[in-house]
Amino acid sequence: MLALDFIRRHPDEVRRAAQLKGEEAPVDEILELDRRWRECLEVAEKARAQQNELSKRFAKTKDTEDLRKAKEVGEEAKRELARAAEMKQKLDDLLLRVPNLFHESVPIGESEADNVVLREWGSRPDFAFEPRTHYELGEALGIMDFERAARVAGSRFAFLTGAGARLERALVQFMLNLHTGEHGYTEVYPPILVNSASMIGTAQLPKFGDDAFRVQDRDLWLIPTAEVPVTNMHRQEILDGARLPLNYVAYTPCFRSEAGAAGKDTRGYIRMHQFSKVELVRLVEPEKSLEALDELTSQAEEVLRRLGLHYQLMVMCTGDMGFAQYKKYDLNVWCPGLGRYLEVSSCSLFNDFQARRASLRYRPAPGEAPRFLHTLNGSGLALTRTLDAVLETYQRADGGIEVPEVLRPYFGGSEILHSS
RNA sequence: GGGGAGGUGGCUGAGUGGUCGAAAGCGCCCGCCUGCUAAGCGGGUAGGGGGUGUUGAGCUCCCUCGAGGGUUCGAAUCCCUCCCUUCCCGCCA
């Protein structure tokens with residue numbers, strides 16, 4: 001969330017950012033409620049101060065008149081403090097609904113169409129035959145099964161079997177080894193269920209609860225991304241500045257209800273209720289966060305490069321970047337069979353937006369005051385679509401799949417993937 | 001799931017109704033001392049919010065001893081609920 005103090009001083013800036021993001025920001029309500037809350041708080045705290053004073057005096061004097069007054073003032077203080085607390089709670093709830101600002105380098109725009117391609121890597125491969133889609137290939141090879149998954153779980157689920165499951169595992173291993181071995185990340189295996197406070201911390205709640213699955217009768221949510229447990233890992237801590245930056249990589253399943261996604265072009269292994277993802281999360285000093293975002297993004301790109309997959313890097317425009325993001329890149333991988341790009345990674349900087357919600361702070365140096373961290377994260381990468389791109393890019397005329405060289409160690413060295 | 005013990009500042013840990021936002025030790029910071037280092041000596045050292053003020057000095061008030069309620073003029077301390085940790089039993093991968 002944004003600092004209340006900042007909204008007080010720069011309401012127009014907050015309004016403008018919200019508008020360009022296509023979000024609502026209850027700025028006027030906040031300013032009004034903030035004014036009333038502070039008024040009320042002042043009255044309440046003065047009464048409390050008086051009560052404390054009288055109470056202390058009574059301890060010494062045992063004067064019944066002091067006692068009487070203390071009781072009286074105490075009642076008032078209690079009443080007013082309750083009022084103030086009620087206002088503050090409303091205020092806090094409103095604050096959680098104000099979108100983040102965005103960096104000046106973010107292009108202004110309304111939709112996907114206004115995102116800007118920053119660079120491309122590789123090129124669309126040529127085929128001497130009509131390339132097939134990953135789901136055609138996957139079903140023909142017997143490594144992807146949507147029908148049985150529908151019976152077992154429902155639509156938007158899939159089984160990977162045999163070489164398909166192994167390919168996913170190979171990709172996970174490859175990504176984790178790259179990020180831990182060469183990019184300096186610490187591997188984390190986090191909880192897959194988290195409480196509401198964590199969901200608020202990374203800004204899935206209160207606004208986007210419908211996008212996630214919740215466990216019945218318990219305050220637990222299936223994580224929509226490892227960003228949630230990993231970013232919240234240091235919630236309410238004051239970290240030693242000397243330990244920064246913290247770089248974590250986590251492989252987890254992710255769960256999304258995909259409410260409202262029906263009807264979009266999502267045939268295949270693309271938009272699942274459950275999917276695997278290797279996620280990069282960084283907690284860094286504010287001054288270094290923009291640089292850290294570019295670095296994190298290039299680390300995600302490195303996965304695609306080593307896999308030899310053609311992709312483009314986009315910077316998201318204001319209208320498409322999201323509620324909490326300060327700046328966001330998408331990596332879109334080319335799928336020759338589908339004939340379009342699929343998003344395999346979103347790399348976002350949140351500035352202190354999440355850090356304020358989750359109270360993630362650090363002490364720059366001993367004796368100095370705590371400051372909020374900056375948080376960022378990005379997929380490195382989403383498994384489903386990376387797997388799709390591998391199948392579609394490395395398909396052969398005979399329906400087999402050439403195993404990308406970097407994955408061969410995880411396939412016992414085999415070069416071709418045939419039907420199971 | 002049943003029973004016991006417990007959750008206090010960066011850490012260890014004392015504190016069972018006011019003199020406690022909190023002893024002591026460790027750590028850390030500043031200074032002194034000694035060729036250097038270590039040791040020693042002195043001082044400082046929780047977080048959040050409001051007001052005023054400065055622009056990131058200060059002054060002042062309020063809140064916070066796992067969380068939320070309650071009793072009381074007054075709660076770290078007493079009562080209730082919940083969460084978490086740990087031990088024993090049960091169950092289990």
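This structure is a prediction, so every number in the text was calculated from the model and none was measured.
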| said: Regarding K62(A), tell me which of base, sugar-phosphate or nothing describes its non-hydrogen contacts under 4.0 Å with the strands shown. | reply: base
Assign each of I238(A) and L54(A) the nucleotide of RNA chain B bearing its closest heavy atom; nearer the 5' end lies the nucleotide of I238(A)
When both distances are under 3.5 Å in a Watson-Crick or G-U wobble arrangement, the nucleotide paired with U37(B) is none
When both distances are under 3.5 Å in a Watson-Crick or G-U wobble arrangement, the nucleotide paired with C73(B) is G18(B)
**Q.** P-based separation of U81(B) from G3(B) [nearest Å]
**A.** 13 Å
- Give one of base, sugar-phosphate or nothing for D66(A), where a contact means two heavy atoms less than 4.0 Å apart. nothing
**OP:** Look at the aromatic rings of Y185(A) and H179(A) and report parallel, tilted or perpendicular, splitting at 30° and 60°.
**Re:** perpendicular
Full working for side chain to side chain contact (heavy atoms under 4.5 Å, CB included) between L373(A) and R361(A): CA-CA 5 Å; L373(A) 291 157; R361(A) 293 175 295 170; 5.8 Å; no
- Short question: side chain of R363(A), backbone of E368(A) - any donor-acceptor pair under 3.5 Å? yes
Without placing hydrogens or testing angles, list every side-chain donor-acceptor pair under 3.5 Å for residues 167-175 of chain A, not counting sequence neighbours.
residue	atom	partner	partner atom	Å
E168(A)	OE1	Y269(A)	OH	3.4
E168(A)	OE2	S276(A)	OG	2.7

G6(B) -> Watson-Crick or G-U wobble partner, both distances under 3.5 Å, gives C84(B)
(message) Can you tell whether the side chains of R35(A) and E32(A) come within less than 4.0 Å, N to carboxylate O?
(response) yes
Counted 5' to 3', the first and last nucleotides of RNA chain B within 4.0 Å (strictly under) of a heavy-atom of chain A are G18(B) to G74(B)
Does R166(A) count as lying over the ring of F411(A), i.e. NZ or CZ under 6.0 Å from the six-ring centre, within 45 degrees of the axis? yes
Mate of A24(B) across any strand shown (Watson-Crick or G-U wobble, both atom pairs under 3.5 Å) is U12(B)
Between G25(B) and C32(B), how many Å separate the two C1' atoms, rounded to a whole number?
23 Å
